[in-house]
Amino acid sequence: MFKILEKRGDRRYGILSTLHGDIYTPAFGPDATRGLIKNLAPHEILDLSGRYPPIEILRLLASHDTNHDIFNNKLRKQYNEIQFILSNTYHLMSYPGYEFIKESGGLHTFINWPLPILTDSGGFQVFSLIHKAQNLKGKVTDNGAIFQNPITGQKLELTPESAIDIQFNLGSDIMVVLDDCRHYQDHKELKRSVYRTIEWAKRCKIRFEQRLKEKFNKLNTHSNSQPHSDASNNERSHRIDRPLLFAVVQGGIDYSLREYCVQELTKIGFDGYGFGGWAINEKEYFPYDLLKFVAERLPEDKPRYAMGVGTPTNIIQCLDFGYDLFDCVIPSRNARHGLAYTTQGEVRIQNAKYKKDKSPLDPNLPSIASKYTKEYIHHLFKIQDSLGGELLTIQNLKYFNYILNNL
RNA sequence: GCAAGUGUGGCGGAGUGGUCAAACGCACCAGACUGUAAAUCUGGCGACCUUGUGUCUACGGUGGUUCAAAUCCACCCGCUUGCA
């Protein structure tokens, strides 16, 4: 289900097959945490370039016709469109609830999105809402994590098993194991989080296989198809019949713990491996060496996912370490905050110097956003219309795809 | 015309004798944002410079009281409301 087509140095070009089509790697999946990339509609994401009339795309979206040109992976690749999105187990469990989404036909149907969805497990929220947070009452035990929603106060529990169950109910294409995500910590804490992460990964894998088996037993009454737990070397890997399960490497800035975590996780065996955590130290240095170190120890034949990475600079570096998949809030959040990434450099569109700038946002990238002048987008931000954030989001996603494929 | 009230920085609006270059908003200027507690957050925002517990000019105007005035007094000017 992952096939490397070409290597340039340590950089890899491949195809990752999922239930909702192929992802040509390297690929960046924007964060649609709660089921949308903020400010964008699915039909916009599918066609950042604005090549097709929105109505045509809407029609295709509604039909989920993935054989059409627009959804053809090669064409999508050629025009640098978004190939997958990331949604979050914790957030969707919190609202509107995974049962609700299951009843509405799964996440793809609910949000009207025909391409692959990677679902994060909530492991990052173990960090952001528990370890990092102050004044919140969540806690982590060996059994799982108990969260308190910072806004509603609602309490939610996530175990390795429930994280997998929920991701099945959502209809995820690429699932992620629950992990104990940490920031920089002392060695003892990191060690504990690594052991816990490995233990949880095991439990996730067991649950994952149970769920596949149940699904197979159901399917078996209708056909002879059988889900394979490891189809990575299968010639017909394009026609996969099960979701993928990715593990997450923890260990903070501790190289030996990272290495140990890789060893243990690869023993269990997963469809892909994420570099997890937010391992920057107090000096806010992005840990390139550490990412390289981990990538070198991950299996060659499995996709490597740099979770939450990053800035364009970070991504370009990680490509050369052999990472294949990326996600990050940066293009969408920074867009909403007025920062555009362009082929001509960063543009803080609200800055006074753009008030009377008639040049297009980015003349070198054919996108919906590049059809507008900086002074107009500046204006949109000044009057606080969300169209400004929408256009910059399109620009940034376009730019992130550009660096993946052209730099 | 009489009466009452009111006049503060680009705007709204606190402050009614010293700790006021003046709270708090807005606007403006800049910055941050990395598996989304984030359409958010942080700084700056009279002028000048040797960037400091620095100098100067400032709360409608002019004069006065006081060691000290945005704050008290007098007159003037403007605005608001009420009564003629």
Side-chain angles (χ1 to χ4, degrees), chain A residues 28-40 84-92 94-95 118-130 132-138 147-154 156 163 174-183 197 246-250 272-280 284-288 291 305-315 317-318 323 325-339 341 346 348-355 380-393 396 400:
Chain A
F28 180 88
D31 288 2
T33 304
R34 310 191 88 111
L36 83 158
I37 299 168
K38 291 186 180 184
N39 280 4
L40 289 196
F84 76 99
I85 60 172
L86 172 143
S87 282
N88 189 290
T89 304
Y90 167 79
H91 293 271
L92 292 175
S94 169
Y95 184 84
L118 184 157
T119 47
D120 190 22
S121 60
F124 185 72
Q125 281 63 46
V126 170
F127 163 64
S128 66
L129 298 182
I130 298 179
K132 184 182 82 170
Q134 291 165 354
N135 311 321
L136 287 176
K137 291 168 188 162
F147 300 94
Q148 184 171 28
N149 183 306
I151 293 161
T152 64
Q154 177 194 22
L156 289 175
I174 303 172
M175 302 183 186
V176 174
V177 300
L178 189 66
D179 60 319
D180 185 6
C181 180
R182 298 292 180 118
H183 194 64
T197 293
F246 280 29
V248 182
V249 177
Q250 289 295 342
Y273 297 87
F275 179 97
W278 184 234
I280 56 170
E284 312 250 317
Y285 156 77
F286 189 84
Y288 289 115
L291 275 129
Y305 167 29
M307 306 177 81
V309 175
T311 63
T313 311
N314 297 155
I315 290 174
Q317 274 287 339
C318 289
Y323 283 93
L325 296 170
F326 302 86
D327 83 281
C328 194
V329 301
I330 280 181
S332 49
R333 179 186 290 165
N334 286 0
R336 271 177 283 123
H337 297 170
L339 177 62
Y341 295 93
E346 293 184 2
R348 265 171 264 274
I349 198 68
Q350 298 195 69
N351 285 10
K353 61 180 169 181
Y354 298 117
K355 185 174 169 65
L380 292 174
F381 268 89
K382 288 299 181 185
I383 63 169
Q384 292 173 27
D385 193 283
S386 64
L387 180 59
E390 181 179 333
L391 292 173
L392 291 199
T393 303
N396 289 348
F400 272 55

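Quick note on labels: first sequence line is chain A, next is B, and so on, each numbered from 1.
OP1 or OP2 of B/rA37 sits under 4.0 Å from a side-chain N or O of A/Ser128.
When heavy atoms are screened at a 4.0 angstrom cut-off, A/Gln250 is found touching base atoms of the nucleic acid. A/Thr311 comes within contact range of at least one nucleobase, with a heavy-atom separation under 4.0 Å. Residue A/Asn88 is classed as a sugar-phosphate contact, given heavy-atom separations below 4.0 Å to backbone atoms only. Residue-level contact check: A/Asp327 touches the backbone only, with heavy atoms under 4.0 Å from sugar-phosphate atoms and none from bases.
Residues forming a side-chain hydrogen bond (donor to acceptor under 3.5 Å, both in side chains) with A/Tyr354 (at least two apart in sequence, or on another chain): none. Every side-chain hydrogen bond (donor to acceptor under 3.5 Å, both in side chains) that A/Tyr288 has, sequence neighbours left out, goes to A/Asn314. Every residue was checked against the ring-ring contact (aromatic ring centres under 6.0 Å, His included) condition with A/Tyr273, not counting sequence neighbours, and none meets it. Residues passing the side-chain hydrogen bond (donor to acceptor under 3.5 Å, both in side chains) test with A/Ser128: none are found, sequence neighbours excluded. The side chain to side chain contact (heavy atoms under 4.5 Å, CB included) search around A/Ile315 returns A/Phe28, A/Val309, A/Leu319, A/Phe326, A/Phe400, A/Ile403, A/Leu404, not counting sequence neighbours. With sequence neighbours excluded, the residues forming a side-chain hydrogen bond (donor to acceptor under 3.5 Å, both in side chains) with A/Thr119 are A/Gln167, A/Ser172, listed by chain and number. A search for ring-ring contact (aromatic ring centres under 6.0 Å, His included) contacts involving A/Phe127 returns A/Phe124, A/His183, not counting sequence neighbours.
Considering only the side chain of A/Asn334, B/rC33 comes nearest among B/rG35, B/rA37, B/rC33.
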- Item | Under 4.0 Å protein heavy-atom contact, by nucleotide of nucleotides 26-32 of chain B - B base, S sugar-phosphate only | -SSSSSB
- Message: Dot-bracket, 5' to 3', for RNA chain B please: Watson-Crick or G-U pairs under 3.5 Å, [ ] where pairs cross earlier ones, | where the partner sits on another strand, dots elsewhere.
- Response: ((((((((.[[[..)..(.....]]].(((((.......))))).((((..).)))...[[[[[..)....]]]]]))))))).
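Remark: the A/Asn314 side chain and the B/rU34 base include a donor-acceptor N/O pair separated by less than 3.5 Å.
Using modelled atom types and a 3.5 Å distance limit, the side chains of A/Thr197 and A/Asp180 yield no donor-acceptor pair.
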